Number of protein chains: 2
Amino acid sequence: MTTVKEVAKRAGVSTATVSRVLNDIPNVTPDARKRVQDAVQALNYRPSRVARRLRIKHTQVIGLIISDIQNLFFTSVTRGIEDIASRNGYSLILCNTDEDADRERVYLEVMHAENVAGIILASATETGHDPELLNGRIPVVALDRLITDVQLDTVLVDNVGGAETAVAHLLSHGHRRIGMISSQQQLTTAREREDGYGRALKEFGLPVEPSLIRKADVRQIADSRRQALDLLALPDRPTALFTFNNTTTLGTLTAIQERGLRIPDDVAVAAFDDLPWATLLDPPLTAVPQPTYELGKTAAEMLLARIANPHRPTTQNRLSLDLVVRESCGADHRPPDGVAQAV
Amino acid sequence: MTTVKEVAKRAGVSTATVSRVLNDIPNVTPDARKRVQDAVQALNYRPSRVARRLRIKHTQVIGLIISDIQNLFFTSVTRGIEDIASRNGYSLILCNTDEDADRERVYLEVMHAENVAGIILASATETGHDPELLNGRIPVVALDRLITDVQLDTVLVDNVGGAETAVAHLLSHGHRRIGMISSQQQLTTAREREDGYGRALKEFGLPVEPSLIRKADVRQIADSRRQALDLLALPDRPTALFTFNNTTTLGTLTAIQERGLRIPDDVAVAAFDDLPWATLLDPPLTAVPQPTYELGKTAAEMLLARIANPHRPTTQNRLSLDLVVRESCGADHRPPDGVAQAV
DNA sequence: ATGAAAGCGCTAACAC
DNA sequence: GTGTTAGCGCTTTCAT
């Protein structure tokens, strides 16, 4: 490994001058600069970021910790983060916790130890965090999931509203027994989406029937399928299903197909979280898309703002959601275009 | 930030002893050990990996560089890598190049500068690499895509064979005009899959008609759709389509749907790279699944082996592929089970 | 068993 | 404009 020293020697200057050239600091004669550059070239010198960081303290690297790398939701969010990060001269490194609090801790330690400039975290848990890790010297932005034991900049979506809209849509189509495939993991998103589900029922004067909410491992299509099969095997089968995220949706659709049921006639489906191939399904899926790119962009911007000014008050950003109506809930029974909406 | 020094002071020992305790080195009296541990606790001390690494030189971190984080193929491979890595006490950090050679270079530099123990690289390009970066002091394993300008441990799939099988399947169903949505990016996988396509045609005595191969941006469903639409608008429309990967498949299916064509009657489809929801499509998709988990596992194992022994000869691993026949190519015309296969 | 001290590769005062 | 030098936080001989 070549070092500044060797470069300095070869260029016939001091290490300080080499450092100056490398870091574009003025006050170097063009001649010296040229000699240093030549030496760098000749020796194929590559400065050690590790050493540099030990001095410098900060880096142009942002760390992202997500809980399920196989979930398109998170990878799309990542794209949003990446764009903002790289536009601002930051690199992004990504770690996957697989919904495991221990792994999350390890990766938070890694990020700290690496001295990243900031961290964006979609936490596997709502509480139980090490305050030193989240409220320490490295700024952290909470993404998608609320963290309640530490006050952080946060960006979320309107889970309650989104779920409520979707379930209300099912209700407005006449469904009265609506099952939900929710999350087995303790997530704030799950609680909020269940809340939205409950609210919609309440608006229609319906009680929440606990047996109609099944909890699935949100990382696994197979487990979601199993829970959906259970729901569909109920003596008084639900006529509609509301799903927690894209994975549970896939499991649910698989279960429905296996049971030989037709959508929406035998069972209607509304999903939280859209799929890029929703229109390729038969019938196309009614869903509440999440503004993934926007979510990532916002998180990155909040983080950069905090890096720039560590003392600004923490803020919370909740992005709103809209339902996209396709055919999986039955033909739309709203009046056609142009017709006045009489009761 | 607390340092060894402060811990040492508080524990009433030297920094050397603190370091010994921290690194589980024997020869420390239980008493001293206890005092150090207490001090660590009390000060919430967190050793700086940056400083540590400057001395130590190596880390328990593996770097993975992939070209499209939104592609399920790569994220599934990641899971395989992760399992092996964490089972061996390594953390995994992931970077996304978005098929951009410049970004790939930047991230390779980041990984080098971070001094990771090893790198797994799905390169955006076949050549044009900096040999210092790939054949330098940090071991690199090439994943999924062949790198020809530097000799590396490599793990691939049998692209030629897989493509050949898929296209032969279409041919055996009577198709004679078979279009291919391939990759606009210069990828070895694209060349090999095109090769397989050509071989299958040749076996049936058919020439490759260049106008039937359209190149799409493999990251974008939208672009794949566009290319597929072009193919479907040809005066002498192909009766079957073979797609390069899951993204091109999605674009192609979208195009077919938009054109109002039926699968497989109007146009049959066979895909390279399976989708977890292939059976939810109507009709279910015939595809060549890739052993993603195995691919990641193998890559990680090769990398660990090389880290353990930097001087072993480089090896190349090519995983074989099988076609999964579903309905998107038409009813299977092979004899039913148990019937002797007469001619 | 423990401590003193050197030094990993780099940057940034400070002196000239 | 350039060089000397101290030191970032850690590990590791080498003494003791």
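Reckoned from all heavy atoms, side chains included, excluding hydrogens, waters and symmetry mates. Chain identifiers are assigned alphabetically (A, B, ...) following the order of the sequence lines, protein sequences preceding nucleic acid strands; residue numbering begins at 1 within each chain. Because the structure is a prediction, the values reported are computed rather than measured.
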Regarding [X], tell me which of base, sugar-phosphate or nothing describes its non-hydrogen contacts under 4.0 Å with the strands shown.
X	answer
Thr17(A)	sugar-phosphate
Val50(A)	nothing
Pro26(A)	nothing

Write down the distance between [atom1] ([X]) and [atom2] ([N]), rounded to a whole number of angstrom.
X	N	atom1	atom2	result
Arg49(B)	dC10(D)	CZ	P	13 Å
Glu114(B)	dC8(C)	CD	P	21 Å
Arg53(B)	dG7(C)	CZ	P	23 Å
Asn27(A)	dA13(C)	CG	P	14 Å
Leu22(A)	dT2(D)	CG	P	15 Å
Ile25(B)	dT13(D)	CD1	P	9 Å
Ile56(A)	dG7(D)	CD1	C1'	13 Å
Leu43(B)	dG9(D)	CG	P	14 Å

Is the phosphate of [N] approached by [X] (side-chain N or O, under 4.0 Å from OP1 or OP2)?
X	N	value
Thr3(A)	dG9(C)	no
Lys57(B)	dT11(D)	no
Asn23(B)	dT11(D)	yes
Arg52(A)	dT11(C)	yes
Ser14(B)	dG3(C)	yes

Check Leu92(B) against Tyr107(A) and note the closest heavy-atom contact, atom names and distance.
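So the minimum-distance heavy-atom pair works out to N-OH, 3.1 Å.
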Nearest to the side chain of [X] - [options]?
X	options	result
Met1(B)	dT2(C), dG9(D), dA12(C)	dG9(D)
Tyr45(B)	dC10(D), dC10(C), dT12(D)	dC10(D)
Thr29(A)	dC10(D), dG9(C), dG1(D)	dG1(D)
Thr15(B)	dA5(C), dT2(D), dG7(D)	dA5(C)
Leu54(B)	dC10(C), dT4(D), dG9(C)	dG9(C)

For Arg33(B) and Ala51(B), find the nucleotide of DNA chain C closest to each by heavy atoms; which residue's nucleotide sits nearer the 5' end?
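Looking at the nearest nucleotide for each, Arg33(B) comes out on the 5' side.
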Using a distance-only criterion (donor-acceptor N/O pair, under 3.5 Å, no hydrogens), is the base of dG3(D) paired with the side chain of Arg20(A)?
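For Arg20(A), whose side chain was compared with the base of dG3(D), there is a donor-acceptor pair (under 3.5 Å).
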Flag side-chain contact, heavy atom, 4.5 Å: Glu82(B) against Asp98(A)
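With C-beta onward as the side chain, the pair stays apart.
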May I ask you to test the Lys57(A)-Arg137(A) pair for a side-chain heavy-atom distance under 4.5 Å?
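SC-SC contact between Lys57(A) and Arg137(A) ruled out.
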Criterion side chain to side chain contact (heavy atoms under 4.5 Å, CB included) against Ile120(A), the qualifying member of Ile66(A), Val155(A), Asp144(A), Ile81(A):
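Between Ile120(A) and the candidates, side chain to side chain contact (heavy atoms under 4.5 Å, CB included) is satisfied uniquely by Ile81(A).
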Are any of the side-chain nitrogens in Glu6(A) or Arg10(A) under 4.0 Å away from the carboxylate oxygens of its partner?
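Judged by the 4.0 Å cut-off on N to carboxylate O distance, Glu6(A) and Arg10(A) do not form a salt bridge.
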Going through the checks in order, is the side-chain hydrogen bond (donor to acceptor under 3.5 Å, both in side chains) test met by Thr125(A) and Gln186(A)?
CA-CA 7 Å; Thr125(A) 59; Gln186(A) 298 280 356; over 6 Å; no
